[in-house]
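Right, one structure below, let's go through it.
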Protein chains: 2
Amino acid sequence: MEIFLETVSALNDETRIKLLTFLDTHGALCVCDLQESFGMIQSRLSRHLKILKDGGFLRVDRCGTWAYYSIRTPLDQFRSEALAEIRCLGIELPPLIKLSETGDCKL
Amino acid sequence: MEIFLETVSALNDETRIKLLTFLDTHGALCVCDLQESFGMIQSRLSRHLKILKDGGFLRVDRCGTWAYYSIRTPLDQFRSEALAEIRCLGIELPPLIKLSETGDCKL
DNA sequence: TCATAATATCAATATATCTTGATATATTAT
DNA sequence: ATAATATATCAAGATATATTGATATTATGA
């Protein structure tokens, strides 16, 4: 019950649906990319990404100070069916602005 | 997006998961049966049942003053996969107390 | 080491959802 | 018609979740 509710509540938010769609479309992205693309502050995105990760939808790969988030594979049947539903929604996404490649994310 | 969130948020509550499981196990039941079995007040159940109905999981058949709720069939792929997940959770349910057959629900 | 960048987490506020008790509607029996 | 039952809905308070700004942590380069 716990786990199922964690999975479901991860899906129960518009921002998270958009993040899932965005990562599904563009592959692995770091928080700073999403921050720039979505125009949201970092702490908000970081929190939502954690919820999606804990819900079993995302994986995180650390590379230095960057945390690259991407759709976890393979997804189990329920999560992958959920993602399929989300793909059918035709959600409008903001353009990708990839700071981590243009050099604006320095370290 | 709207519709998907309505579907998902219907699943995002422990009471509703139990109600789904209960109806999945026992078939069509009226609100007064659920009220007695779950020991919850009527307005609370009525509200949750409406959310499950609006989320596409339940149908309602009116028979006089009774409203019989049951799992909608057929369920689409996502909802039916969700129900399959829920069946795997092994949720403990209260015993069925069927007032509508023992005559305690009079009219 | 020191400064800076990327990310995570915390505390406070804002917002949404759930629960309850009261009321409204509809159906049936007397 | 009147009374009683079943259900639905509303308004208020209780609880949970989301958002924000501030702070903490970690990694890198000068």
Side-chain angles (χ1 to χ4, degrees), chain A residues 1-2 5-19 23 28-55 58-70 97-107, chain B residues 1-2 5-19 23 28-55 58-70 97-107:
Chain A
M1 175 78 110
E2 288 285 298
L5 279 174
E6 195 174 31
T7 305
V8 164
S9 71
L11 294 171
N12 193 38
D13 181 276
E14 195 167 325
T15 299
R16 291 195 287 271
I17 301 285
K18 283 186 182 164
L19 284 173
L23 291 168
L29 294 171
C30 65
V31 182
C32 66
D33 292 332
L34 296 165
Q35 185 178 346
E36 193 67 17
S37 301
F38 280 79
M40 293 178 182
I41 64 177
Q42 178 266 326
S43 66
R44 180 176 173 186
L45 288 169
S46 203
R47 176 167 229 285
H48 282 303
L49 290 165
K50 176 175 167 47
I51 291 171
L52 283 169
K53 177 176 74 82
D54 292 348
L58 297 184
R59 60 176 291 173
V60 196
D61 295 287
R62 281 227 157 244
C63 176
T65 58
W66 284 280
Y68 283 96
Y69 286 86
S70 55
I97 302 171
K98 210 164 180 183
L99 287 190
S100 61
E101 279 189 350
T102 63
D104 287 87
C105 282
K106 305 156 190 158
L107 72 146
Chain B
M1 175 79 108
E2 290 284 298
L5 279 174
E6 195 173 32
T7 303
V8 164
S9 71
L11 294 171
N12 193 39
D13 182 275
E14 196 166 325
T15 299
R16 291 196 285 273
I17 301 286
K18 283 186 183 164
L19 285 172
L23 292 168
L29 294 171
C30 64
V31 181
C32 65
D33 292 333
L34 296 165
Q35 186 178 344
E36 194 67 18
S37 302
F38 280 81
M40 292 179 183
I41 65 177
Q42 179 265 325
S43 66
R44 180 176 171 185
L45 289 168
S46 203
R47 176 168 229 286
H48 283 303
L49 291 166
K50 177 176 167 46
I51 292 171
L52 284 168
K53 177 176 72 82
D54 293 348
L58 298 184
R59 58 177 291 174
V60 196
D61 294 286
R62 282 228 156 243
C63 176
T65 59
W66 283 282
Y68 284 97
Y69 285 86
S70 56
I97 302 172
K98 209 166 180 181
L99 287 189
S100 61
E101 279 188 352
T102 62
D104 287 87
C105 280
K106 303 156 193 157
L107 70 144

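Below, each value reflects all heavy atoms present in this structure, side chains not excepted, and no hydrogens, waters or symmetry copies. In the text below, chain A, chain B and the rest are named by the order of the sequence lines, each starting its count at 1.
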Inset, instruction - Hunt down the Watson-Crick or G-U wobble partner of C:dT30, both distances under 3.5 Å, from any strand shown, or write none. - result: D:dA1

Inset, instruction - Report yes if a donor N or O on one partner sits less than 3.5 Å from an acceptor N or O on the other, where the partners are the side chain of B:Gln42 and the base of D:dA8; otherwise report no. - result: yes

Inset, instruction - In whole angstrom, give the distance that lies between atom CG of A:Asp61 and atom P of C:dA6. - result: 18 Å

Inset, instruction - Please tell me if the side chains of B:Leu19 and B:Ile51 come closer than 4.5 Å, counting only heavy atoms from C-beta onward. - result: no

Inset, instruction - Would you kindly give the NZ-to-C1' distance between B:Lys53 and D:dT7, to the nearest whole Å? - result: 12 Å

Inset, instruction - Using the side-chain hydrogen bond (donor to acceptor under 3.5 Å, both in side chains) rule, collect all pairs that involve residues 40-51 of chain A, keeping only residues at least two apart or in two chains. - result: A:Thr15-A:Arg44, A:Arg16-A:His48, A:Lys50-A:Asp54

Legend entry - Proximity to the side chain of B:Ser43 - top-ranked nucleotide from C:dT20, D:dT20, C:dT7: C:dT20

Inset, instruction - Kindly compute the distance separating CG (A:Asn12) from CD1 (A:Ile17), expressed to the nearest 0.5 Å. - result: 8.0 Å

Inset, instruction - Round to the nearest Å and state the distance from B:Met40 atom CE to D:dA6 atom P. - result: 19 Å

Inset, instruction - Would you mind reading off the distance between A:Leu34 atom CG and C:dA6 atom P, rounded to a whole angstrom? - result: 13 Å

Inset, instruction - To the nearest Å, give me how far apart NZ (B:Lys50) and P (C:dT19) are. - result: 17 Å

Legend entry - C:dA6 phosphate, OP1 or OP2, under 4.0 Å from A:Tyr69 side-chain N/O: no

Inset, instruction - Would you check if B:Ile97 and B:Asp104 make a side-chain contact, meaning some heavy-atom pair closer than 4.5 Å? - result: no

Legend entry - Rounded distance [0.5 Å steps], CG in A:Leu11 versus CG in B:Leu11: 9.0 Å

Inset, instruction - Apply side chain to side chain donor-acceptor pair (under 3.5 Å) to B:Ser70 and list each qualifying residue two or more places apart in sequence or on a separate chain. - result: none

Inset, instruction - Determine, for nucleotides 11-19 of chain D in 5'-to-3' order, which nucleotides have protein heavy atoms under 4.0 Å from the base (write B), from only the sugar-phosphate (write S), or from neither (write -). - result: -------SB

Legend entry - Phosphate-side-chain proximity, B:Ser46 and D:dA8, N/O vs OP1/OP2 below 4.0 Å: yes

Inset, instruction - Rounded to the nearest angstrom, tell me the gap between atom CD in B:Glu14 and atom C1' in C:dC18. - result: 13 Å

